[in-house]
Amino acid sequence: MNDSLLDAAPGFDQPIAVLKHCHGRIRKQLATLERLLAHLPGHGADEQARQAADAVLKYFDKAAHLHHDDEEQDLIPMLRATAQGEDAATLQALAPTILQDHKEMDALWQDLHEQLTAIADGSASVLSESSVRRFVQRYTAHMEREESTMAPMALRLFSNEQMARLGATMARRRGIDLGNGAPAAATPPAPAIGDAVANLRKDYGQAVLDEGDVRDDPIQQFTQWFEQALKAEVNEPNAMNVATVDGDGRPSSRIVLVKQFDTRGFTWYTNYDSRKAQELRANPHAALLFFWSELERQVRIEGRVETTSAEESDKYFHSRPLKSRLSAIASQQSAPIANRAALEQNYDAVAAQAGDAPARPVNWGGFRLVPERIEFWQGRRSRFHDRIVYTRQEDGSWTRERLQP
């Protein structure tokens, strides 16, 4: 008989026991998920169903990924540094499977997350049986694989010092100070807004970006991501930051809208007398940045800039709404003006004179950035982001490589 009446969680001085304890908690949540699946047809999203869905959401959103990070960032690298001979061969075969499991479980969870959220708030009572079965089966097989191989290997190979280091790292990941078991830092007094900014953070985890999943051509890869941004209804997916540098080396940036992208580059339109246009004349190189927060993605593009042809500029100018065309004529972009009333007077004068078919001003047209470097960034947990960069070669082909986060 167990002498203790409490089923206490192991301490971080026993990191492998902590990992197994995490598996126990995961199994309990998987069991809750299966019970919820059986409960919904007869009871709908009642109070019990909502509580069960909320419990599963909280665990897999807030805790499960810490277990993945323990393995990816600590346990597997430490085993790789220690294992030899047959152990090393076993680990070489096993580790890629473990990492692939994490990717697939994350993808399966995203599918379930939306369904469980709707059940938790009572707006739906449908849970896909196939999604639950796949998720439970993948997680169960994954845990059994780790318990039968990696955990025994770590217990057999790690020294006391390695175990202490692993436990300390796992504790820090959870905000625990092993000196007294208390949170790593006491809650400070209400900080000034400037100081509070340092504590603003969001952990990413929607998707992964792997070398084997991207296209050979970065424009095709960008097109794929852009289409996904449209499908996800990202707010203004065509908005991009354009950074330029003047003749003295001083940078400036602003948000504009990309109006065309293809194998030639990325095109936007503006006043050729504007500040950005003047800076591009002094230094015809720029950097673009797309940030799609809803997908936890950004794309950085660098290259030289050229003007579009008069024919292209005419075509786009005449495709714009009439009021936008009149505004382009009325505004001397970036030049000072006394007040808003003066700006409105300029517009009224142009509208009265130009009519319904104004000609494109000669100082208004397009810029096209011809890319030389394109980097795709996918947010990942614990700031261990994915970065794949393409670099154009002299013959026009592209090379790609992974960058460290």
Side-chain angles (χ1 to χ4, degrees), residues 2 4-10 17-72 97-148 150-151 170 173-175 202-208 228 231-233 294-296 379-382:
N2 191 338
S4 174
L5 296 177
L6 297 175
D7 181 17
V18 172
L19 291 174
K20 290 183 177 180
H21 178 74
C22 290
H23 282 184
R25 296 182 64 193
I26 290 170
R27 286 187 170 96
K28 289 181 180 179
Q29 296 301 327
L30 295 178
T32 299
L33 189 57
E34 290 183 309
R35 289 196 298 272
L36 176 61
L37 180 66
H39 178 90
L40 286 168
H43 304 276
D46 62 4
E47 181 64 22
Q48 287 187 354
R50 293 197 298 273
Q51 289 179 0
D54 187 60
V56 175
L57 281 166
K58 285 180 178 177
Y59 185 81
F60 283 102
D61 277 347
K62 298 182 179 180
H65 67 87
L66 297 174
H67 180 60
H68 291 182
D69 290 345
D70 291 337
E71 296 166 357
E72 293 184 8
T97 303
I98 297 294
L99 299 179
Q100 183 62 30
D101 280 350
H102 288 173
K103 292 181 181 180
E104 294 181 7
M105 289 187 297
D106 285 345
L108 291 170
W109 172 243
Q110 293 305 315
D111 183 34
L112 281 172
H113 186 278
E114 182 177 352
Q115 300 175 50
L116 290 167
T117 300
I119 294 169
D121 63 23
S123 62
S125 59
V126 177
L127 189 58
S128 167
E129 181 176 358
S130 61
S131 296
V132 171
R133 298 300 179 211
R134 288 197 303 271
F135 187 66
V136 171
Q137 290 170 4
R138 177 51 59 91
Y139 243 114
T140 300
H142 173 78
M143 292 186 293
E144 290 174 351
R145 185 179 294 117
E146 292 177 338
E147 291 167 356
S148 64
M150 287 210 312
M170 290 167 58
R173 182 167 289 119
R174 290 157 176 82
K202 173 185 176 182
D203 211 13
Y204 301 119
Q206 285 193 30
V208 300
Q228 291 171 357
K231 185 177 180 180
E233 298 184 351
E294 295 89 339
L295 297 177
E296 299 173 354
R380 294 292 300 276
R381 293 189 179 114
S382 302

Tell me whether the count of non-hydrogen atoms from other residues, nucleotides or ligands lying under 6.0 Å of NZ in Lys103 goes above 12. yes
Note: Leu66 and Arg173 closest approach over all heavy atoms is CD2-CG, 3.7 Å
Across all chains, not counting sequence neighbours, the salt bridge (Lys or Arg N to Asp or Glu O under 4.0 Å) partners of Glu47 are Arg50
In short, Asp121 meets Ser123 closest at the heavy-atom pair OD1-OG, 2.6 Å
Tightest non-hydrogen contact, residues Gly122 and Ala45, listed as CA-CB, 4.3 Å
Quiz prompt | Parallel, tilted or perpendicular, as decided by the 30° and 60° cut-offs, for the rings of Tyr139 and Phe135 | solution = perpendicular
For residues 113-134, the ring pair (Phe, Tyr, Trp, His ring centres under 6.0 Å) pairs (sequence neighbours left out) are Trp109-His113
Between Arg133 and Ser130, is the side-chain hydrogen bond (donor to acceptor under 3.5 Å, both in side chains) condition met? List the steps. CA-CA 5 Å; Arg133 298 300 179 211; Ser130 61; over 6 Å; no
### Message
Counting C-beta onward and ignoring hydrogens, is there a side-chain heavy-atom pair between Leu112 and Leu33 closer than 4.5 Å?
### Response
yes
Correct closest heavy-atom pair for Ala53 and Leu116 would be CB-O, 3.7 Å
CD (Glu129) and CD (Glu34) are apart, to the nearest 0.5 Å, by 10.0 Å
For the CD atom on Gln48, are there more than 12 heavy atoms of other groups (residues, nucleotides or ligands in this structure) within a distance under 6.0 Å? no
From the list His102, Gln100, Gln137, side chain to side chain contact (heavy atoms under 4.5 Å, CB included) partner of His142 resolves to His102
Value for CG (Leu30) from CZ (Phe60), rounded to nearest 0.5 Å, stands at 4.5 Å
CD1 (Ile119) and CD (Gln115) are apart, to the nearest 0.5 Å, by 7.0 Å
Value for CG (Asp70) from CE (Met170), rounded to nearest 0.5 Å, stands at 4.5 Å
Closest non-hydrogen contact found for Ala151 with Lys20 is CB-CE, 3.9 Å
- Query: Taking the side chain as C-beta and beyond, is there a heavy-atom pair between Glu72 and Arg381 under 4.5 Å?
  - Reply: no
So SG of Cys22 and CD of Glu146: to nearest 0.5 Å the spacing works out to 10.5 Å
One should read off an interatomic distance between Met150 CE and Glu71 CD, to the nearest 0.5 angstrom, of 5.0 Å
Note: Ala49 and Asp46 closest approach over all heavy atoms is N-OD1, 2.9 Å
